[in-house]
Protein chains: 2
Amino acid sequence: MQNVFAPHDHANCTHSALTTVERACAERGLRLTPIRKRTLEILLEGHHALGAYDVLQKLSDDGLADKPPMAYRALNFLVEHGFAHRVERLNAYIACTHPDADHTPALWICLDCHKVAETVQAAELGQRLGQEGGFSINTLTIEAEGSCQQCRDESSND
Amino acid sequence: MQNVFAPHDHANCTHSALTTVERACAERGLRLTPIRKRTLEILLEGHHALGAYDVLQKLSDDGLADKPPMAYRALNFLVEHGFAHRVERLNAYIACTHPDADHTPALWICLDCHKVAETVQAAELGQRLGQEGGFSINTLTIEAEGSCQQCRDESSND
DNA sequence: CTATAAATGTTATGTTATAACATATCAATA
DNA sequence: TATTGATATGTTATAACATAACATTTATAG
């Protein structure tokens, strides 16, 4: 697990994700317009999931967008191309931390610090589960809510 | 996979689930009030997920409830006690087909026939995934969207 | 330059969910 | 059996999330 729960060089997170996405867009002929790029940057500001209206507020602060469809379109663009993920349990969004990999992520939602981590090893697992019943998987959602190591360590120090 | 996608004796599905839930409530001192029981029956009418407002409409037809909180309370009761599941991807609910088992279900959503199936073998799997990063799982959501065997068989006969 | 596709701007509304508080019912026990 | 505390229901109001539909603008290929 690329551990977003633990202290880390977040500027590097942000920068490398942005660079990777920019390259991917160039390669794939996708347009990372100002609204889309700023939306990604907003999600990259932290590892907390943001709701569409949270993102909209920030876009509005920047004068880039001020109506719900604008935020949803940018978020949907990012999600469709794997640059962000929708967290179903939270009706919210996070930037992808593996934007280079074609993946079905598992999302780990800490109920204490509210950060959301992502791992990529879950895809083949779902495929395997589905095969049993002859189910052909189109998209797979795996989300866990619980507590991260860091928060458990801290609370045991009380 | 208890195959809800294939033709089956649905009256038996309904009856056995209801009986199991009634017994569980008796054993555990839970009150299966008219609204709650009717809500479960409504969900048991088919294997399609129903939104809270769909359920509310039916409760209203029966004169049992006519305000959103009433439907949400009944649904939340059923979900809390494992008698129904919320389908996050659909913002909707299904009756549990294994109400006797303490389980984390995986849900299989067919995009063609729109039925939703449930399997129980997924719990330890999530625990295993989470252990890797020291994450302690409280609740786990596993949902697949795709196509069931039956729908694929039918469409290949065209 | 122009045609076409893609993206953005805008209005309006649909859908899902809960906070907050009042009232009623149940179930244990004084 | 009256009291009481807990649980459930009734009600109002609104919060939170999301999209349909259509107009306008911008990018890009021919």
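All chains are named by letter (A, B, ...) in the order of the sequence lines, taking the proteins before the strands, and each is independently numbered beginning at 1.
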Check: Could you state the CG-C1' distance from A/L56 to D/dA16, rounded to the nearest angstrom?
Finding: 13 Å

Notebook entry, point to check: Does A/V116 reach the side chain of A/W108, with side-chain heavy atoms less than 4.5 Å apart?
Noted result: no

Next item on the list: Between A/A52 and B/A74, just flag the one whose closest nucleotide in DNA chain D comes earlier from the 5' side.
Entry: B/A74

Note to self: Heavy atoms only, 4.0 Å cut-off, all strands: where does B/L64 land among base, sugar-phosphate and nothing?
What the structure shows: sugar-phosphate

Note to self: Are B/V21 and B/F83 packed together at the side-chain level, in the sense that at least one heavy-atom pair is separated by less than 4.5 angstrom?
What the structure shows: yes

Notebook entry, point to check: Does B/R86 have a side-chain nitrogen or oxygen under 4.0 Å from the phosphate oxygens OP1 or OP2 of C/dA17?
Noted result: yes

Notebook entry, point to check: Do the charged groups of A/R86 and A/E88 touch, with an N to O distance under 4.0 Å?
Noted result: yes

Notebook entry, point to check: Has A/Y72 got a side-chain N or O lying under 4.0 Å from the OP1 or OP2 atom of D/dA18?
Noted result: yes

Check: Roughly how many Å is it from CG in A/D66 to P in C/dA12, rounded to a whole number?
Finding: 14 Å

Notebook entry, point to check: Would B/H114 and B/H47 count as a ring-ring contact (aromatic ring centres under 6.0 Å, His included) if you check the C-alpha gap in whole Å, the side-chain angles of each, and the deciding distance to 0.1 Å?
Noted result: CA-CA 8 Å; B/H114 302 290; B/H47 291 289; over 10 Å; no

Margin query: With a 4.0 Å limit, can you tell me whether A/R36 has a side-chain N or O closer than that to the phosphate oxygens OP1/OP2 of C/dA7?
Written below: yes

Checklist line | B/I35 side-chain proximity, nearest of D/dG10, D/dT19, C/dT11 | finding: D/dG10

Notebook entry, point to check: Quick one: does A/Y53 reach the base of D/dA15 with a side-chain donor-acceptor pair under 3.5 Å?
Noted result: no

Item checked: Minimum-distance nucleotide (side-chain atoms of B/M70 versus C/dT16, D/dT7, D/dG10) -> D/dG10

Check: If you check every side-chain atom of A/P68, which of C/dC21, D/dA18, C/dA17 has the closest atom?
Finding: D/dA18

Note to self: So if I take every side-chain heavy atom of B/T33 and compare against C/dT10, D/dA8, D/dT12, which nucleotide ends up nearest?
What the structure shows: D/dA8

Next item on the list: Figure out the CG/C1' separation between A/L30 and D/dT28, and round it to whole Å.
Entry: 15 Å

Next item on the list: Ignoring the backbone of A/R31, work out which of D/dT28, D/dT11, C/dA17 is nearest its side chain.
Entry: D/dT28

